[in-house]
Number of protein chains: 2
Amino acid sequence: MTNHSVIIKECLTRDIRFDLKEGEGSDAVNQTPQYSYAVCKLTTNRQIQGTGLAFTLGAGNELVCEAIGYLARFIEGREIEQLMAGFGAVFREMSNAPNLRWLGPHKGIVHLALAAVTNACFDLWAKSRGVPLWKLLLDLSPEDIAGTLDLSYLEEVLTRSEVIELLHKNRRSKSHIEQVVRTGYRGYDTSIGWFNYSNAQIQQKVKQSIGQGFTALKLKVGADEQERDIQRAHLVRDAAGEHAQIMVDANQRWSLPEAIEVCQKLEEIDPYWIEEPTHPDDISAHRELARQVHPLRLAMGEHIPNRVVFKNFLQSGAMSFNQVDAVRVGGISEFITISLLSKKFGIPVVPHVGDMGQIHQHLVLFNQLYVGHEPLFLEHIPHLRDYFKFPAKLADGYYQVPEEPGASSDFKDSIMK
Amino acid sequence: MTNHSVIIKECLTRDIRFDLKEGEGSDAVNQTPQYSYAVCKLTTNRQIQGTGLAFTLGAGNELVCEAIGYLARFIEGREIEQLMAGFGAVFREMSNAPNLRWLGPHKGIVHLALAAVTNACFDLWAKSRGVPLWKLLLDLSPEDIAGTLDLSYLEEVLTRSEVIELLHKNRRSKSHIEQVVRTGYRGYDTSIGWFNYSNAQIQQKVKQSIGQGFTALKLKVGADEQERDIQRAHLVRDAAGEHAQIMVDANQRWSLPEAIEVCQKLEEIDPYWIEEPTHPDDISAHRELARQVHPLRLAMGEHIPNRVVFKNFLQSGAMSFNQVDAVRVGGISEFITISLLSKKFGIPVVPHVGDMGQIHQHLVLFNQLYVGHEPLFLEHIPHLRDYFKFPAKLADGYYQVPEEPGASSDFKDSIMK
């Protein structure tokens with residue numbers, strides 16, 4: 001180890017919760033969310049700290065923080081380059097932590113804790129090299145990337161060799177990368193259509209959003225009265241115009257029969273996708289729904305906890321858009337694994353942003369420039385801009401490429417304390 | 001409300017952990033388990049208390065206890081008969097508790113907490129009527145049973161009408177019930193074949209078990225060296241004889257390719273079933289494995305968290321034996337829902353016993369005498385006998401029907417404190 005070695009000293013946690021304004025963040029199932037983060041904070045022998053996020057809606061956020069404590073021993077005392085070179089194996093160890101594993105496996109509170117720890121490690125890695133996460137990832141060799149991944153339980157669909165080959169094949173040229181870095185990455189606005197906004201609020205927000213350069217917008221649906229959903233969908237379509245892409249999102253509210261019925265009515269406004277129509281564990285219901293409402297396309301992923309369930313959804317044919325979220329699955333490395341799998345199945349990745357886009361703005365660039373994913377757009381939710389140290393910058397509806405070292409997951413110092 | 005009303009005062013918790021003897025409880029994935037319970041304790045306006053269990057392996061058991069605290073408000077102050085008459089709706093409310101739901105949904109720590117609360121309510125209900133749980137359940141009308149169930153997300157496979165019809169149709173006569181109550185319920189012995197027992201220990205335990213009247217025994221497999229599994233399987237077969245039923249249990253250890261390979265070799269000893277060959281979320285891998293090793297049959301369930309995932313497994317055809325566990329899914333009512341669904345799909349229920357059989361000995365009687373399930377056998381694990389107030393009684397390999405009021409989930413007073 002050289003004088004420049006960055007060694008993890010302590011794995012600490014912060015329980016951070018943000019109240020939202022009236023109506024903000026509301027959907028058919030989660031009516032009064034409190035956007036919260038179970039933060040893993042890694043101190044080191046240097047001035048640098050790693051910050052890793054898992055996202056919750058407040059209640060039980062402290063339980064995720066406590067669960068993070070169980071994983072500290074796997075990374076405390078480790079030197080960052082050595083840790084990340086073999087991170088896939090460490091991730092596998094952590095996800096199978098003796099006895100703790102019983103509380104999953106690989107789902108729920110213990111897997112959110114793993115997300116926070118994984119994300120802190122990647123943030124620290126990028127900071128220790130003095131580069132933004134997207135640059136760290138683009139500069140890794142395919143073999144190095146493979147070393148960070150846990151591919152267990154995917155043996156019959158994605159081997160280490162296939163990962164390396166896929167990355168070699170899809171890696172874009174330096175000039176292509178530079179061009180994309182100048183342009184940025186298209187965003188879409190989720191914040192126009194919260195469930196508890198009034199019709200008037202929605203109309204005003206749509207106009208505002210179109211004015212800011214967004215051409216894709218999301219509306220929350222799943223009301224007790226179907227008529228409310230249909231009416232508001234028409235409202236958004238009329239306000240946004242025929243060329244805008246309108247997504248509708250039911251946050252798992254419907255049974256399969258309800259979903260079939262409402263989706264057929266929503267077809268009138270030509271939705272770009274129908275998101276989370278029913279229960280996130282219900283692969284067969286999604287498959288049947290997709291069959292029935294074809295050519296309407298379904299999107300899901302924010303509540304799919306791990307690569308095994310993603311594998312099953314991709315195999316089912318029900319998933320037209322993969323919304324994997326790096327603060328729901330076991331962090332950045334599992335996000336990468338799922339993105340690779342999704343590429344193999346020919347399904348685009350359009351992440352859900354429990355992180356408000358802070359980390360995902362790096363990951364979608366990696367997906368576009370190294371995995372060969374079509375750059376569709378990245379969800380944008382502006383409500384926590386004031387709290388991040390380096391809030392994502394959008395211009396004319398495009399995420400600008402971050403320049404600060406790390407994964408952009410730091411909150412302002414006053415908040416992290 | 002009458003003078004006999006039982007009203008829930010407080011919902012408390014106890015974090016109870018038991019160390020096991022060397023080797024006991026060990027399997028290929030969980031090598032050093034600590035059998036633990038997140039206990040929900042309901043105090044009332046009377047001398048009666050409800051005791052509900054969720055099972056863990058120790059680490060994080062306190063997190064389940066804390067999660068139980070979030071659910072207290074849904075039942076504190078409720079009168080038990082009124083609560084249970086509409087328990088299905090209360091269960092649905094609890095499982096969708098605002099913001100807490102994000103940590104599942106319906107899986108992991110928050111769903112284990114729900115199991116403990118649900119189980120405490122059923123225990124209290126039976127105690128308030130002065131009867132064992134099996135008798136309470138058998139005396140309920142089909143409509144009353146339906147009222148305790150949350151059937152959401154099963155609309156296309158199991159309606160309330162179907163539940164009532166199925167129960168009406170399968171309810172056994174009084175004389176039939178009396179006969180079964182005299183005989184008891186066949187057990188099978190899991191405790192002969194723990195992963196870390198030596199070959200000599202296994203041989204001795206098999207002989208002991210056969211001597212106690214068991215004719216079905218389980219061996220843990222999933223060793224790094226396949227040869228160890230094959231050798232020990234032959235050992236058990238030789239010691240138990242050709243007529244004994246031998247189950248092998250890999251506790252999720254194998255990838256799909258490994259499972260196919262090992263199962264084909266284990267076929268030599270004619271296993272009754274192969275249990276948890278691979279990841280519990282991997283419906284498609286189980287389906288493919290079942291296809292490849294047919295006519296070998298697969299069993300799974302101890303890590304399947306809710307009725308939606310069970311629905312998917314039953315639809316896949318991969319599940320030949322349903323091992324739903326009432327201290328893993330959302331408690332007794334969700335166990336009943338899944339048992340009804342399993343009956344509709346023609347798949348027998350042979351529960352995993354995170355509760356050591358204490359509660360399940362009641363539930364399998366209900367399944368046999370009201371749901372029409374074939375009475376195969378119930379898993380028996382004797383290691384915690386000394387700690388339960390009314391440990392399950394086995395004679396000649398048969399569970400004797402419990403007589404004490406409640407769900408047999410109480411620990412000795414010194415342990416509950």
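Labels below follow one simple rule: chain letters A, B, ... track the order of the sequence lines, proteins then strands, and each chain is numbered from 1.
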Sidechain-backbone polar pair: A:Tyr70 side chain, B:Gly60 backbone, donor-acceptor under 3.5 Å: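 Here the side-chain-to-backbone pair exists.
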Considering only heavy atoms, which portion of [X] lies under 4.5 Å from any heavy atom of chain A: side chain, backbone, both, or neither?
| X | answer |
| --- | --- |
| B:Arg307 | neither |
| B:Ser255 | both |
| B:Leu100 | both |
| B:Val157 | neither |

Look up atom [atom1] in [X] and atom [atom2] in [Y], then write down how far apart they are to the nearest 0.5 Å.
| X | Y | atom1 | atom2 | result |
| --- | --- | --- | --- | --- |
| A:Asp281 | B:Lys107 | CG | NZ | 3.5 Å |
| A:His106 | B:His279 | NE2 | NE2 | 5.0 Å |
| A:Ile260 | B:Glu156 | CD1 | CD | 8.5 Å |

Among B:Tyr153, B:Trp254, B:Phe55, residue most engaged with chain A (heavy-atom pairs, under 4.5 Å):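 Answer, by heavy-atom pair count under 4.5 Å with chain A: B:Tyr153.
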Atom group of A:Thr56 that falls short of 4.5 Å from chain B, counting heavy atoms: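 Its backbone and side chain both get close to chain B.
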Between [options], who has the most heavy-atom pairs with chain B when the cutoff is under 4.5 Å?
| options | answer |
| --- | --- |
| A:Lys311, A:Glu302, A:Gln315, A:Arg101 | A:Arg101 |
| A:Gln252, A:Glu258, A:His111, A:Glu288 | A:Gln252 |
| A:Thr32, A:Asn312, A:Leu63, A:Ile109 | A:Asn312 |
| A:Pro257, A:Gly58, A:Ser284, A:Pro305 | A:Ser284 |

Least distance between heavy atoms, B:Pro98 atom then A:Ala59 atom: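 So the two residues come closest at O-CB, 4.2 Å.
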Heavy-atom closest pair, residues A:Gly104 and B:Arg328: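 Smallest heavy-atom distance, with atoms named: O-NH1, 3.7 Å.
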Worked check of side-chain contact (heavy atoms from CB on, under 4.5 Å) between B:Asn96 and A:Val29: CA-CA 8 Å; B:Asn96 295 324; A:Val29 168; 5.7 Å; no
Parallel, tilted or perpendicular: ring planes of B:His303 versus A:Trp102, cut at 30 and 60 degrees: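 Ring orientation of B:His303 relative to A:Trp102: tilted.
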Short side-chain donor-acceptor distance under 3.5 Å, A:Asn99 and B:Asn30: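 No, no side-chain donor-acceptor contact under 3.5 Å.
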